[in-house]
**Q** 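Take a look at the following structure, please.
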There are 2 protein chains.
Amino acid sequence: MESRITAREPRAERAPSRIEELCIERGLKMTGQRRLIARVLSEAEDHPDVEDVYRRALALDSKVSIATVYRTVRLLEEKGILERRDFGGGRARYDPADRGHHHHLIDVDSGKVIEFADEAFEALARGIAERLGFKLVGQRLELFGRRASPPEAERGTPRRKPGPRS
Amino acid sequence: MESRITAREPRAERAPSRIEELCIERGLKMTGQRRLIARVLSEAEDHPDVEDVYRRALALDSKVSIATVYRTVRLLEEKGILERRDFGGGRARYDPADRGHHHHLIDVDSGKVIEFADEAFEALARGIAERLGFKLVGQRLELFGRRASPPEAERGTPRRKPGPRS
DNA sequence: TTACTTGCAAAGGATTTGCCAACCA
DNA sequence: TGGTTGGCAAATCCTTTGCAAGTAA
């Protein structure tokens with residue numbers, strides 16, 4: 001019932017994703033769904049919201065419930081594996097925490113998010129906090145910008161519901 | 001039935017608050033509730049959330065419904081009179097937009113918010129955006145810090161529900 | 001007058017949770 | 001095999017909205 005040929009992939013058993021490794025390191029019990037979600041997150045190069053993760057996980061394989069995605073993503077956040085972001089629009093978006101400290105520039109016309117890091121800023125932030133009598137334990141920097149010279153009328157997809165939330 | 005003596009204050013008619021003036025400038029119809037909310041906001045020195053504004057308005061005088069507070073606060077935001085902030089915790093908080101550009105340092109132990117402005121930062125932000133090919137149209141900077149040397153155990157009121165949301 | 005506002009309550013969207021069965025270590 | 005986890009649906013929280021009645025200009 002067990003041939004060497006298939007032994008390698010009893011059930012899509014690929015190398016653990018980077019985030020899965022982090023989970024194991026921190027002693028999380030790895031279930032099929034968690035592995036799946038970890039993989040989706042590891043492969044994401046953007047800043048997916050919970051629903052994005054949910055959709056991608058479903059497409060990729062198993063059946064996960066959105067509740068599990070919420071639970072897992074929150075668990076990973078608590079373990080410091082993910083960082084929760086808020087770019088406006090009412091949904092939380094996630095970012096693997098090990099990509100190094102970086103910040104975001106949001107293109108207000110297209111909603112696209114560009115990452116960047118900046119040494120000078122890090123130092124400046126530390127300095128400001130100190131001057132106010134605090135030790136810096138976290139920071140959040142988001143820039144909102146518009147492409148230098150757009151020929152007008154080219155505005156991309158506004159973040160879902162155009163009006164309401166920030 | 002009408003004496004000169006009371007003519008001056010038909011009904012708590014005080015000088016219009018700063019925010020009320022801004023509303024009038026932008027042609028908003030001023031109702032009693034709006035005047036009240038404008039006053040609460042003008043007098044606020046912190047960053048109240050909608051419920052804070054609602055509570056203060058009620059205490060101050062009239063009966064307003066929370067729906068009206070939500071509507072008004074949003075209207076003022078659209079008119080550029082208020083700025084919506086998100087310090088984590090799931091509620092939006094508001095800040096009069098004419099206090100000048102400033103940012104916030106949040107004391108992670110007490111939840112207190114300290115405002116500050118920093119020229120060097122403004123310049124840096126503009127520079128970063130430019131380098132990435134964007135014109136800066138907005139920014140958000142929040143520092144999270146801990147008082148330099150707290151004798152422990154002094155942690156103030158954590159923002160409502162301690163655990164969950166960011 | 002007459003369009004704009006308000007209050008109330010119900011609707012909505014995102015996120016969390018209770019409960020029991022399924023599952024992993 | 002015992003404790004954990006996952007699914008489902010109901011529950012929460014914050015915020016928005018429909019509608020009828022009230023009000024500023």
Side-chain angles (χ1 to χ4, degrees), chain A residues 10-11 13 16 20 23-38 48-55 57-58 61-79 82 84-94 159-166, chain B residues 10-11 13 16 20 23-38 48-55 57-58 61-79 82 84-94 159-166:
Chain A
R11 191 174 303 168
E13 188 172 295
E20 183 181 342
C23 290
I24 295 171
E25 260 176 46
R26 315 208 180 189
L28 295 184
K29 184 184 285 189
M30 289 314 292
T31 66
Q33 289 85 328
R34 287 196 178 170
R35 237 184 300 272
L36 185 58
I37 292 169
D49 60 32
V50 171
E51 230 188 306
D52 291 329
V53 175
Y54 176 52
R55 235 189 331 269
L58 277 186
D61 174 21
S62 203
K63 56 303 230 54
V64 214
S65 84
I66 187 112
T68 299
V69 177
Y70 270 107
R71 271 193 283 238
T72 303
V73 126
R74 179 207 267 242
L75 182 64
L76 299 194
E77 187 196 352
E78 278 162 11
K79 292 294 181 180
L82 285 185
R84 185 201 296 241
R85 304 284 183 178
D86 163 44
F87 296 145
R91 291 190 218 356
R93 297 172 69 177
Y94 290 87
R159 279 356 230 153
R160 322 215 183 184
K161 282 213 212 133
R165 288 149 158 285
S166 106
Chain B
R11 190 174 306 171
E13 189 171 294
E20 183 181 342
C23 291
I24 294 170
E25 260 176 44
R26 311 202 186 194
L28 294 184
K29 184 186 286 189
M30 289 315 292
T31 65
Q33 290 88 324
R34 287 193 178 170
R35 238 184 299 274
L36 184 58
I37 293 169
D49 60 31
V50 170
E51 230 187 310
D52 292 328
V53 175
Y54 175 52
R55 235 190 331 271
L58 277 185
D61 174 22
S62 202
K63 52 313 225 51
V64 216
S65 82
I66 185 109
T68 297
V69 177
Y70 269 107
R71 273 191 282 235
T72 303
V73 127
R74 180 208 268 244
L75 181 66
L76 298 194
E77 188 197 351
E78 279 163 10
K79 292 293 181 180
L82 286 185
R84 184 201 299 240
R85 304 283 184 177
D86 163 44
F87 296 145
R91 295 192 218 348
R93 298 174 67 179
Y94 291 86
R159 285 349 234 155
R160 323 215 182 183
K161 283 209 211 140
R165 284 145 161 288
S166 108

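This is a predicted model, so every value here is computed, not measured.
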**Q** With axes from five pairs an end, tell me the bend angle of the helix from C:dT1-D:dA25 to C:dA25-D:dT1, nearest 10°.
**A**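 The value is 40°.
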**Q** Let me know the distance between CG of B:Leu75 and P of C:dT6, rounded to the nearest Å.
**A**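 Those two atoms, CG and P, are 9 Å apart.
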**Q** To check you understand the geometry: which heavy-atom pair defines the closest contact between B:Ala57 and B:Leu36, and what is its length?
**A**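 Looks like O-CD2, 3.6 Å.
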**Q** Tell me, please, which residues at least two apart from B:Glu20 pass side chain to side chain donor-acceptor pair (under 3.5 Å).
**A**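 For B:Glu20, the residues satisfying side chain to side chain donor-acceptor pair (under 3.5 Å) (neighbours in sequence not counted) are B:Arg35.
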**Q** Walk along nucleotides 18-25 of chain D from 5' to 3' and tag each nucleotide B, S or - by protein heavy-atom contact under 4.0 Å, base first, then sugar-phosphate.
**A** B-----BS
**Q** Which whole-number value in Å describes the distance from A:Glu77 CD to C:dT15 P?
**A**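 One finds 11 Å between P of C:dT15 and CD of A:Glu77, rounded.
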**Q** If you assign each of B:Val50 and A:Ile66 to its closest nucleotide in DNA chain D, which residue comes earlier from the 5' end?
**A**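 Closer to the 5' end of DNA chain D: A:Ile66.
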**Q** Output all residues satisfying side chain to side chain donor-acceptor pair (under 3.5 Å) with A:Arg34, sequence neighbours left out; order by chain, then residue number.
**A**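 A:Arg34 satisfies side chain to side chain donor-acceptor pair (under 3.5 Å) with no residue once adjacent residues are dropped.
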**Q** Please collect all side-chain hydrogen bond (donor to acceptor under 3.5 Å, both in side chains) contacts where either partner lies in residues 64-73 of chain B, sequence neighbours excluded, each pair once.
**A**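 Qualifying pairs, neighbours excluded: B:Ser65-B:Thr68.
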**Q** Calculate the interatomic distance between A:Asp49 atom CG and C:dG13 atom C1'; express it in whole Å.
**A**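 Rounded to the whole Å, the gap is 12 Å.
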**Q** Compare every heavy atom of B:Leu58 with every heavy atom of B:Lys63, then report the nearest pair and how far apart it is.
**A**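 For B:Lys63 and B:Leu58, the tightest heavy-atom pair comes out as CA-CD2, 4.0 Å.
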**Q** According to side-chain contact (heavy atoms from CB on, under 4.5 Å), who are the partners of A:Lys79, at least two apart in sequence or on a separate chain?
**A**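 Scan of A:Lys79 (side-chain contact (heavy atoms from CB on, under 4.5 Å), adjacent residues dropped) gives A:Arg26, A:Leu28, A:Ile81.
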**Q** Hey, does B:Ile66 have a side-chain heavy atom less than 4.5 Å from the side chain of B:Glu51?
**A**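 Heavy-atom side-chain distance check passes, below 4.5 Å.
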**Q** If we check salt bridge (Lys or Arg N to Asp or Glu O under 4.0 Å) with A:Asp49, which of these qualifies: A:Arg85, A:Arg55, A:Arg91?
**A**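 The residue from A:Arg85, A:Arg55, A:Arg91 that satisfies salt bridge (Lys or Arg N to Asp or Glu O under 4.0 Å) with A:Asp49 turns out to be A:Arg91.
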**Q** Separation of A:Leu36 atom CG from C:dC24 atom C1', in whole Å?
**A**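 So the CG-C1' distance, A:Leu36 to C:dC24, works out to 17 Å.
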**Q** With a 4.0 Å limit, can you tell me whether B:Arg74 has a side-chain N or O closer than that to the phosphate oxygens OP1/OP2 of D:dT15?
**A**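 Looking at the OP1 and OP2 atoms of D:dT15, neither is under 4.0 Å from any side-chain N or O of B:Arg74.
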**Q** Which sits closer to the 5' end of DNA chain C, B:Lys63 or A:Tyr70, going by the nucleotide each is nearest to?
**A**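 Nearest-nucleotide comparison on DNA chain C picks B:Lys63.
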**Q** Nearest-Å distance, CD (B:Glu78) to C1' (D:dT16)?
**A**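 B:Glu78 atom CD is separated from D:dT16 atom C1' by 12 Å.
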**Q** Given atom CZ of B:Arg91 and atom P of D:dT15, what is their separation to the nearest angstrom?
**A**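 Distance check: B:Arg91 CZ to D:dT15 P gives 7 Å.
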**Q** Round to a whole Å and report the spacing from CD1 of A:Ile37 to C1' of D:dG7.
**A**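 My rounded result for the distance is 12 Å.
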**Q** What integer distance in Å separates A:Tyr54:OH from D:dG6:C1'?
**A**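 Atom-to-atom, A:Tyr54 to D:dG6, this comes out as 12 Å.
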**Q** Would you say the side chain of A:Arg84 lies within less than 4.5 Å of the side chain of A:Tyr94, judging by non-hydrogen atoms?
**A**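 They are in side-chain contact.
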**Q** Quick check on C:dG7: is either OP1 or OP2 less than 4.0 Å from any side-chain nitrogen or oxygen of B:Ser65?
**A**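 True: B:Ser65 side-chain N/O within range (under 4.0 Å) of C:dG7 OP1/OP2.
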